[in-house]
Amino acid sequence: MNRFLKLVHFEFQRFLKLYLVLMGVIILLQFVGVILESQNYLSRVNEHIYKDLMPKEQFIEQFGTYSFLQIAHSFWFMGPIVLSIAALMIYVFFIWYRDWLGKNTFIYRLFMLPTSRLNVYFAKAVVILLFIFGLLAVQLLLIPIENRVLQWMVPNEYFNMLSINEITNIDYLSILYPPTFMEFILYYGGGMIAVFIAFTAILFERSFRLKGIIYGILYTGLSSVIFIAPILINQLLLEDYFFPLEIFFMEVVMGLIVLAGTIWTAHYLLKNKIRV
Amino acid sequence: MKRYWKITFLCFLSIIVIGTFYIQSSLAGQNHIRVELEKVKGSEKEVKDLILYGDYVVGNLYQGLQITNEETIQLNHQSFLQRLSTDRFAPMFRELMKNHKGFMRSKELNSSSFYEDENLLAYANVKGDFNRYPASEITFDIDVFNKKSKETNSFEVNVPEQEKYGWMHVEDVLVAKDALKVMVRGFEKNGREELRVYTFHLNEKKLTGDDTILSSQTGENSWTEISLNGNHHSIQSPNHHLIIKRAYEAQEGQENREMMSYADESKIVSSEMYLYDLEKGQLKKMIVPEELLQSYETISISQSSIFIQTLAENSLEVHSYDIEKEAWSDKRTFALPLLKAGSDHPFIKLMNGKIYTIYSTDNGHTLWIGDLQTGESLYEGKLNVVNQEKNHEEYRIYFNEIEL
């Protein structure tokens, strides 16, 4: 166990610098966004109310009040989120390939450690999960602060204060922060199954190289088909025979089957087929 | 251990922040919007089992509300499993799913596709993909469950002349002895519309009858529309259907990518009301005062009468038509206290011989219940929105359904 945690820590340290830069970019861009976007709104207020002498009520009726909703839909807020998602998705692949690239193949040393090779596989997955949760937490801390700054910037009569729950309910944010804890576990659990499948596909490539790419793609396809099989069968063959709750439980079971399958395959590849 | 502080910190930060967020939101999620009924007049008994549905809107964030005398449930605060369970379906289907789980599988939940009486439960639907090319088979999917013998009788029959339809919708199903009647609205590919009744023999599993009740025409700059007045909140439909046929005319039609667009607004040239008795297969044209046809709010139909509601200043007028006697009786006028002129359309529903309405006043919404027979006011109450969050002065609320 201790060896496993050391591996996790080791993987963590390797990405930490870039990770902190990523966090810095999020914080910087989002605060710039809050200030620029609200200034933009205020200049519109100025233009219409003080120059064109439009009554305040008419302005609000025409342009609406300002709230965090507009910030959440701005490039400055969404950009860093998209960037983080892209960065972590790329890192899912890079976390493996960096061990093979470079002058001395580091993977050789990792696999020679007196511990199960599957521990390397799990350590990488745990680090990815930790990085995802870390970013989610930071963004969750940033939202109330940004909301407060926004409140300072925009005069009260034009501002509509949203609560944190209303903000996380805004369209795409409700996917990052699902409304109930159960859904949080399901979404991110599903995401982690996808990460494990990607890892196994990478191991296919590392085991069989060019041919392995095809195996990897086939493996991913097969896993996805098995996972959505209950929905497919229900829709295409059974004409909606099952009720939603029944489909849900079948999906949970399928997810666990796919997860077990992918870990077993990874174990087999790491033990018998992997090339360094 | 000192070297591990960064990773330990990130772990704790994530757990504490995300954990706090979900604990907080499950506490805050405990329905902070409450709608209370404050009685102004009448008896509390009237509202004891009433469920109101509405939307609470701030900006463009919608919250579905389910309001009873005791509590207000914010529908998006239901747990994940609750939302997946049969709770998500309309009450009429919930009941059926509880009692006839097997029968309800593979059914499209369209209230007009079902028929229930003490002996049997029937379902009929038009099945198939109208948009597929080459055309796929369009069939009637019929399933009848005998409550006594617990047997199901199901069969499929090809829809006659299916190639001419672009879409078909079942409007009502009725079983009388061995015959199952399905009223279907067919939208033809050429823009015409038809209301047809297909009759099936249940024992022979065959289509035995096929009648067109009404059809519409489209001309150069004119078209007719058929609208049906059914009850979509119950699978028990009344014996009669009210059909309104309207002819429209417009000038200077322009064809624009298969869609017609007109320079000026269309004009209603004629409107007609018909009554159709599905069991007997009789269509009768109703004689309706012109002003009623023009400006009604809602139309409801019960076993023996048709009610047409119109709004007047500070009052609601109910015109009733006796189906047996084929005659209009005197209209009833119900005074609606504080009705705001020119506001949103009030919500009106007739249930069990009573009229329920929710309308907006200068000071929030009012729920008002009246007796259709005597014309008495049974209940009047204010719907007070109690919001535990302070910053929300700018909200709107809409009511869209009442259930008993």
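Quick caveat: nothing in here was measured; it's all calculated off a predicted structure. Numbers restart at 1 for each chain; the letters A, B, ... are given by sequence-line order, proteins then strands.
- Top candidate by heavy-atom pairs under 4.5 Å with chain B, chosen from Gln13(A), Met182(A), Glu246(A), His9(A), is His9(A).
- Using a 4.5 Å cut-off between heavy atoms, Leu135(A) makes no contact with chain B at all.
- A salt bridge does not link Lys107(B) with Glu239(A): none of the charged nitrogens is closer than 4.0 Å to a carboxylate oxygen.
- Neither the backbone nor the side chain of Phe159(A) comes within contact range of chain B, judged by heavy atoms closer than 4.5 Å.
- The greatest number of non-hydrogen atom pairs below 4.5 Å with chain A, out of Ile15(B), Thr20(B), Leu81(B), is found for Leu81(B).
- In the displayed structure, Arg148(A) atom CZ is contacted under 6.0 Å by at most 12 heavy atoms of other residues, nucleotides or ligands.
- No more than 12 heavy atoms of other residues, nucleotides or ligands sit less than 6.0 Å from atom CZ of Phe9(B).
- Ring centroid separation for the pair Phe80(B) and Phe248(A) comes in under the 6.0 Å cut-off.
- Between the side chain of Ser14(B) and the backbone N or O of Leu130(A) there is no donor-acceptor pair closer than 3.5 Å.
- If you measure heavy-atom distances from Leu186(A) to chain B, the contacts under 4.5 Å come from the side chain alone.
- Residues Phe243(A) and Leu84(B) have side chains not in contact (no heavy-atom distance under 4.5 Å, counting atoms from C-beta outward).
- In this structure, the side chains of Leu141(A) and Leu13(B) come closer than 4.5 Å at one or more pairs of heavy atoms.
- Contacts between Lys127(B) and chain A at a heavy-atom distance below 4.5 Å involve the side chain alone, from C-beta outward.
- Of the two parts of Ile16(B), neither the backbone nor the side chain holds a non-hydrogen atom closer than 4.5 Å to a non-hydrogen atom of chain A.
- Of the residues Ile164(A), Thr180(A), Asn165(A), the one that meets the side chain to side chain contact (heavy atoms under 4.5 Å, CB included) test with Ser25(B) is Asn165(A).
- Between Tyr19(A) and Leu10(B) there is a side-chain heavy-atom pair separated by less than 4.5 Å.
- The candidate with the highest count of non-hydrogen atom pairs below 4.5 Å against chain B, out of Phe181(A), Phe12(A), Phe131(A), is Phe12(A).
- Applying the 6.0 Å contact sphere to CD of Glu157(A) captures more than 12 heavy atoms from other residues, nucleotides or ligands.
- The parts of Phe133(A) that come within reach of chain B are both its backbone and its side chain, each placing non-hydrogen atoms under 4.5 angstrom from that chain.
- Residue Ser106(B) holds its OG atom at 7.5 Å from CG of Asn234(A), rounded to the nearest 0.5 Å.
- Note that CD1 of Ile18(B) and CG of Leu140(A) are 7.0 Å apart. Values are rounded to the nearest 0.5 Å.
- Within a 6.0 Å sphere centred on NZ of Lys206(B), other residues, nucleotides and ligands contribute 12 heavy atoms or fewer.
- The number of heavy atoms from other shown groups lying within 6.0 Å of CZ (Phe12(B)) does not exceed 12.
- Distance check: Asp240(A) CG to Met104(B) CE gives 12.0 Å after rounding to the nearest 0.5 Å.
- Between Phe21(B) and Thr168(A) the shortest side-chain heavy-atom distance falls below 4.5 Å.
- The local environment of CZ in Arg109(A) is sparse, with at most 12 non-hydrogen atoms from other residues, nucleotides or ligands closer than 6.0 Å.
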